[in-house]
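First the structure, in the form of structure tokens, and then the observations on it.
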Amino acid sequence: MVQFPTNYAGCSGSTEALYAIHAHLIPVGSNRGKVLIWGKGLSSLCWFPYLATTPGDYDQQFAIVDADASPVTVVYGYWQIPAVSAPPIYNGTTTVGAYTVSNGMQGLFCSGHCWLPDGRLFIVGGDDWSAHITHPYADFTGSRMVAIYDPMLGATGTWLTGPQLVASQNSPVPFLVQPRWYPTALVTVDSAVTTPAVKVVVFGGIEQAVFNPPTGLVGNGVFLASDRSYLTHEAFDVVAPNSTWNNVTISKDGRTGGVLPAVSGTPAQVGGLFLGTTTSPPMMPNFPFGYSLFYYGRAHYLSNAVFGGGPAYVNGVSWIGGMPVGSVWIDHPVDANLWPTPQPLLTTVTDIIDEPTAVLLPASLSGGGSDRIALFGGQLGLNSTMPPSPITNLVHLLDAKLLSPSWSTTAMPPMNHARKFANSVLLPDSSVLIVGGGINGATGGKGGEVYTPEVFRGTTWQDGPPETSPRTYHSTSLLLPSGRVVSMGGDTRRWDMQVYQPHYWQAGTTRPVVASAPSALTYGSDFVVTFTLTPGRTLAKASLTTPGSVTHSHDPNQRLVELAINSSNSTSATLLAPADPTKAPYGHYMLWLVDSAGEVSAAVWTRL
């Protein structure tokens, strides 16, 4: 166990250790393989920008952790987000001392994020802390912030906001159309494979959260009446010059006096979103439509094999599920209406799941093939808006390849432990590791923590050695280049981290060692790797995994891609790269080898 030291950087007077609400494995630059983290301090001195150099500026703390080093190293830093480069604050202007501030006060706590193909981190939304001044009834207010962290620039990387930075197309990146708190950012590949457009699609999030509104404030106890960000998504092309955000809004969302689809009958398509039936009366009183995309929708980019195949120009769809949303199919988020018919919404009582962890399963796991989505655990229903309901150990599995997909709780066996707020990590041998969580439904609640990790390798769940510290709400876990897994943070134990050595871990000399591999791969083409194996063993598996970018129990872009082994001998193998970007979107990957004894090499980095 490693305890984070007290952090004073950029937050004068604070005695809080920075904890890892957001965690990202850096894929490029001098810090490649290290973990970028940020969160928020518990002291108001860290929350608010009043102590920054200029009123309206905001000091965002971060750290870079080398969890594979011995001893582990932690380097702190802070990014002063200049007010002049930040989006306008919620209420237009406010006064800080003798100054009038119209921008700023916006940090990256509860933002969405994803790694871009060039190895930079793309960050959207977060908190506009001015809400505590300009809108006193708002507990949290979303931000239109867009920022990029570039690991290639400077000893600890360089941070820039939209107006400051230029993307790969050498043009500024505009702020979001909608303010978003708790959004999901997903990398997709749009339309034609021959000239692909790489688009970041941002789902949901909310404008404001008002949990205890005073009498007379128009709202439903959680949202203001005017807030419909959670029923929209917007996309940005990171390749095309002078891109803008393409905002897809549900036109009949109540804002303009319209109505949403009926609560019974045939699923209806509205504004690019497939909205299906809800229950009558609604299952969730504070969410009268029976579903919502508002809290980090569990989104996944699927291949062109979904729905039993489709038109050749359709190369992916997104799926939203969980936390706490009924399943929502979305056709291609930018090129709407490409699918010939809407797909079912699948909203049932069991699909309303609060805080599960979710992944796209590896194709060989249990022999089910690609495009299967699994939700692990979570709470059936919402404890805050429904009668208390159980936290489950069930695995909900959806095979999106089917023409009429439906959720199954029998396709994979239940976990050994019921959990909410856990994290899921895809391991190089195509197994799935579940870390942390517990049976206390409250975000900051103590007691009921599950210390024991467990792994599913295709037949049964197997427990691992327990952690020393609990990992619940706001904890993070991700795969390291060594093959180990780092587990950090959480509201009940925020100031330390541990490194887990999975079932395949061997610290000695029997692991496969990659001697050489290409630094870049070509879709659908063979490539050669050379290696050293323990005598008598053979190469059993090769895989690619994405660098993690996780928060709130989910990494929407996490995937493991298994590589075909075309030929192999004791020292080299010819492998086949993924067929196209819908199988493995453009970007940096870790390449792994697994031998016939089940031992896993350390990763080498490559790029598609």
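None of the values given here were measured: they were computed from a predicted structure.
- Summarising the local packing, CD1 of Ile64 is surrounded by more than 12 heavy atoms from other residues, nucleotides or ligands at distances under 6.0 Å.
- Between Asp371 and Lys583 there is no salt bridge, since no side-chain nitrogen of the basic residue lies less than 4.0 Å from a carboxylate oxygen of the acidic one.
- Considering only residues two or more places apart in sequence or on other chains, His417 meets the side-chain hydrogen bond (donor to acceptor under 3.5 Å, both in side chains) condition with Asp463.
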Run the side-chain contact (heavy atoms from CB on, under 4.5 Å) test on Ile123 and Trp38 for me, step by step, so that the C-alpha distance in whole Å, both residues' side-chain angles and the decisive distance to 0.1 Å come before the verdict.
CA-CA 12 Å; Ile123 306 152; Trp38 71 77; 3.8 Å; yes
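- The distance from atom NE2 of His113 to atom OG1 of Thr184, rounded to the nearest 0.5 Å, is 9.5 Å.
- Once rounded to the nearest 0.5 Å, the distance linking CD1 of Ile37 with OG1 of Thr551 reads 12.0 Å.
- When atom types are taken as modelled, the side chain of Trp461 and the backbone of Pro413 share a donor-acceptor pair closer than 3.5 angstrom.
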Verdict with reasoning, Thr452 to Glu454, per side-chain contact (heavy atoms from CB on, under 4.5 Å)
CA-CA 7 Å; Thr452 303; Glu454 55 187 303; 5.7 Å; no
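- Shown here for Cys110 and Trp181, the closest heavy-atom pair between the two residues is CB-NE1, 3.4 Å.
- Side-chain polar atoms of Thr546 and Trp115 form no donor-acceptor pair below 3.5 angstrom.
- Val72 and Ala67 get closest at one heavy-atom pair: CG2-O, 3.8 Å.
- Ring-centre distance between His552 and Phe421: not below the 6.0 Å cut-off.
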Full working for ring-ring contact (aromatic ring centres under 6.0 Å, His included) between His474 and Phe109
CA-CA 11 Å; His474 281 155; Phe109 169 56; 5.8 Å; yes
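- Of the possible donor and acceptor atoms, one in the side chain of Arg511 sits under 3.5 Å from a partner among the backbone N and O of Val600.
- Residues Leu563 and Pro578 meet the side-chain proximity criterion, which asks for heavy atoms closer than 4.5 Å.
- You'll find the side chain of Pro481 reaches within 4.5 Å of the side chain of Leu25, heavy atoms only.
- A donor atom on one side chain and an acceptor atom on the other are not found under 3.5 Å apart for Asn423 and Ser487.
- For Arg484, the salt bridge (Lys or Arg N to Asp or Glu O under 4.0 Å) partners at least two apart in sequence or on another chain are Asp68.
- Proximity of Trp605 to Met590: side-chain heavy atoms (C-beta onward) are separated by under 4.5 Å at one or more points.
- For the pair Arg32/His588, no side-chain contact is recorded, criterion being any heavy-atom separation below 4.5 Å from C-beta on.
- Judged as a ring-ring contact (aromatic ring centres under 6.0 Å, His included), and not counting sequence neighbours, the contacts of His554 are His300.
- A donor-acceptor pair under 3.5 Å is formed between the side chain of Gln498 and the backbone N or O of Thr468.
- Among all heavy-atom pairs drawn from Arg298 and Ala358, the shortest one is CG-CB, 3.7 Å.
- Sorted by first and then second residue, the salt bridge (charged side-chain N to carboxylate O under 4.0 Å, His left out) pairs with a member in residues 541-563 read Lys541-Glu562; sequence neighbours excluded.
- Not a single donor-acceptor pair under 3.5 Å links the side chain of Tyr301 to the backbone N or O of Pro556.
- Side-chain contact between Pro465 and Tyr500 is present, with heavy atoms from C-beta onward closer than 4.5 Å.
- Put simply, the side chain of Leu426 does not reach to within 4.5 Å of the side chain of Leu479, judged on heavy atoms.
- Residue pairs meeting the salt bridge (charged side-chain N to carboxylate O under 4.0 Å, His left out) criterion with at least one partner in residues 436-451, sequence neighbours excluded, are absent.
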Determine, step by step, whether Ser482 and Gln501 satisfy the side-chain contact (heavy atoms from CB on, under 4.5 Å) criterion, reporting the C-alpha distance in whole Å, the side-chain angles of both residues, the deciding distance to 0.1 Å, and the verdict.
CA-CA 9 Å; Ser482 65; Gln501 299 181 165; over 6 Å; no
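- Taking OG1 from Thr472 and CD from Glu355, the interatomic distance works out to 10.0 Å, rounded to the nearest 0.5 Å.
- At least one side-chain heavy atom of Tyr504 sits less than 4.5 Å from a side-chain heavy atom of Leu427.
- Note on residues 595-608: pairs passing salt bridge (charged side-chain N to carboxylate O under 4.0 Å, His left out), not counting sequence neighbours, are Arg537-Asp595, Arg537-Glu599.
- At distances below 3.5 Å, not a single donor-acceptor pair connects side-chain atoms of Ser596 with backbone N or O atoms of Ala540.
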Would Lys34 and Val75 count as a side-chain contact (heavy atoms from CB on, under 4.5 Å) if you check the C-alpha gap in whole Å, the side-chain angles of each, and the deciding distance to 0.1 Å?
CA-CA 11 Å; Lys34 300 177 185 178; Val75 177; over 6 Å; no
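- Judged by distance alone, with hydrogens and angles left aside, the side-chain atoms of Arg372 form a donor-acceptor pair with the main-chain N or O of Leu365 at under 3.5 Å.
- The shortest heavy-atom contact between Leu575 and Ala542 is CD1-CB, 3.7 Å.
- Counting all heavy atoms, side chain and backbone alike, Gly125 lies closest to Leu176 at N-CD1, 3.7 Å.
- Between Ala185 and Gly112 the shortest heavy-atom distance is CB-C, 4.2 Å.
- Atom CG of Leu121 sits about 9.0 Å away from atom CD1 of Ile26, to the nearest 0.5 Å.
- At least one side-chain heavy atom of Phe122 sits under 4.5 Å from a side-chain heavy atom of Phe236.
- Distance CG/Asn557 to CG/Leu186: 5.0 Å, rounded to 0.5 Å.
- To the nearest 0.5 Å, atom CZ of residue Phe456 and atom CG of residue Asn416 are 11.0 Å apart.
- Side chain of Lys420 to backbone of Gly441: a donor-acceptor contact under 3.5 angstrom is found.
- Here the options are Leu608, Thr545, Leu521, Val604, the test is side-chain contact (heavy atoms from CB on, under 4.5 Å), and the partner is Tyr589; only Leu608 passes.
- Checked by atom type and distance alone, the side chain of Ser553 never pairs as donor or acceptor with a backbone atom of Thr357 at under 3.5 Å.
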